[in-house]
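Note that the coordinates shown come from a computational prediction; the quantities given were computed from them, not determined experimentally.
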Amino acid sequence: MIKIILHKFPQTPYMPDSIGRYPIHIASSVGVSSEIVNVVAKAYPEACVKQDFDGRTPLHLACDASRLLYEEDSSWDKGHLNRDTIKILLAMAPSSVNIEDVDEVNPIELALLSNADCKILSMLQKVSVSEHRQKHRSSKVAGSGEAGLSWNRWYPGRYSQATMTPPERKRGKFWNMVASGK
């Protein structure tokens with residue numbers, strides 16, 4: 001049925017509602033079968049990482065057991081996280097696992113608050129770690145990195161563990177704020 005609708009109205013997956021939610025957001029949150037989520041996700045894969053006005057991605061909604069789409073709504077299937085839906089969303093948009101909403105909550109935290117089973121939490125954690133490593137691996141330049149940590153790898157023993165940053169390198173604004181206690 002969904003395939004027929006998408007065939008008749010191919011623009012549907014590209015149309016957000018009044019609060020920035022695409023069809024994949026709705027499908028991820030209302031407890032439909034993972035097959036439907038898969039069809040909708042493949043129709044517009046880029047929507048899997050898009051954030052609504054609350055900063056939530058489809059993965060946020062799939063990991064939230066309360067699944068309150070709209071404040072006045074109470075009709076959806078609540079309390080059960082669909083592991084297959086989460087798996088599909090992670091495959092389509094793995095970076096969304098580390099995105100925080102406007103309340104600074106990411107999908108892993110929502111899954112924890114929703115008492116997700118260990119398999120779901122493990123799956124989310126593995127993808128999160130992989131994405132974090134990939135992000136930092138691609139942004140590293142020899143001798144740079146967060147807090148100068150890569151200097152110990154390139155010049156082992158040259159700098160003490162306490163400083164971690166080479167003395168001849170200037171610290172940025174963030175580190176100056178940390179050092180001054182602001």
Measure from the side-chain N and O atoms of Asp17 to the backbone N and O of Ile19, and report whether any donor-acceptor pair falls under 3.5 Å. yes
Once rounded to the nearest 0.5 Å, what's the spacing between atom CG of Leu110 and atom CG of Asp64? 5.0 Å
Taking Ser114 for the side chain and Cys63 for the main chain, is one N or O donor matched with an acceptor at less than 3.5 Å? yes
Spacing of CD belonging to Glu131 relative to CD1 belonging to Ile99, to within rounding of 0.5 Å: 9.5 Å
So, Ser29 side chain and His25 main chain: donor-acceptor pair closer than 3.5 Å or not? yes
Could you walk me through whether Ser34 and Asn82 pass side-chain hydrogen bond (donor to acceptor under 3.5 Å, both in side chains), step by step? CA-CA 8 Å; Ser34 57; Asn82 186 327; 4.8 Å; no
To the nearest 0.5 angstrom, please state how far the CD atom of Gln125 sits from the NE2 atom of His132. 12.5 Å
For Leu124 and Ala111 the tightest heavy-atom approach is CD1-CB, 3.7 Å
Taking every heavy atom of Tyr22 against every heavy atom of Pro16, the minimum-distance pair comes out as CE2-CD, 3.6 Å
Please give me the minimum heavy-atom distance between Ser128 and Val97, naming the atom from each residue. CA-CG1, 3.5 Å
Ile88 CD1 to Ile36 CD1 distance, which is reported to the nearest 0.5 Å: 10.5 Å
With rounding to the nearest 0.5 Å, note down the distance linking CG in Leu89 to OG in Ser96. 7.0 Å
What about Val105 and Leu59, same hydrophobic cluster or not, with Ile/Leu/Val/Met/Phe/Trp/Tyr joined at side-chain heavy-atom distances under 4.5 Å? no
Hey, is CD on Glu104 packed in by over 12 heavy atoms from elsewhere, all under 6.0 Å? no
Using modelled atom types and a 3.5 Å cut-off, is there a donor and acceptor pairing between side-chain atoms of Asp101 and backbone atoms of Asp103? yes
Tell me the closest heavy-atom pair linking Ala116 and Leu121, and the distance in Å. O-CD1, 3.7 Å
Atom pair CG (Asn98) and CG (Asn106), whose distance is rounded to the nearest 0.5 Å: 6.5 Å
For Glu46, does the CD atom have more than 12 heavy-atom neighbours from other residues, nucleotides or ligands under 6.0 Å away? yes
Stepwise side-chain hydrogen bond (donor to acceptor under 3.5 Å, both in side chains) check, Thr57 with His60: CA-CA 5 Å; Thr57 65; His60 280 89; 2.9 Å; yes
Could you walk me through whether Met123 and Lys87 satisfy the side chain to side chain contact (heavy atoms under 4.5 Å, CB included) test, starting with their C-alpha distance in whole Å, then the side-chain angles of each, then the deciding distance to 0.1 Å, before giving a yes or no? CA-CA 8 Å; Met123 182 173 46; Lys87 195 176 204 177; 3.9 Å; yes
Using only atom types and a distance under 3.5 Å, with no angle test, would you say the side chain of Ser28 pairs donor to acceptor with the backbone of Ile24? yes
For Val49 and Ser95, work out which heavy atoms get closest and say how close. CG2-OG, 3.7 Å
Taking all atoms of both residues into account, what is the closest heavy-atom pair of Ala62 and Thr85, and its distance? CB-CG2, 4.1 Å
For Met15 and Tyr44, run side chain to side chain contact (heavy atoms under 4.5 Å, CB included): C-alpha distance rounded to whole Å, both residues' side-chain angles, the deciding distance at 0.1 Å, then the answer. CA-CA 10 Å; Met15 299 171 60; Tyr44 183 34; over 6 Å; no
Steps toward side chain to side chain contact (heavy atoms under 4.5 Å, CB included) verdict (Arg21, Ile26): CA-CA 7 Å; Arg21 292 187 176 143; Ile26 307 303; 4.3 Å; yes
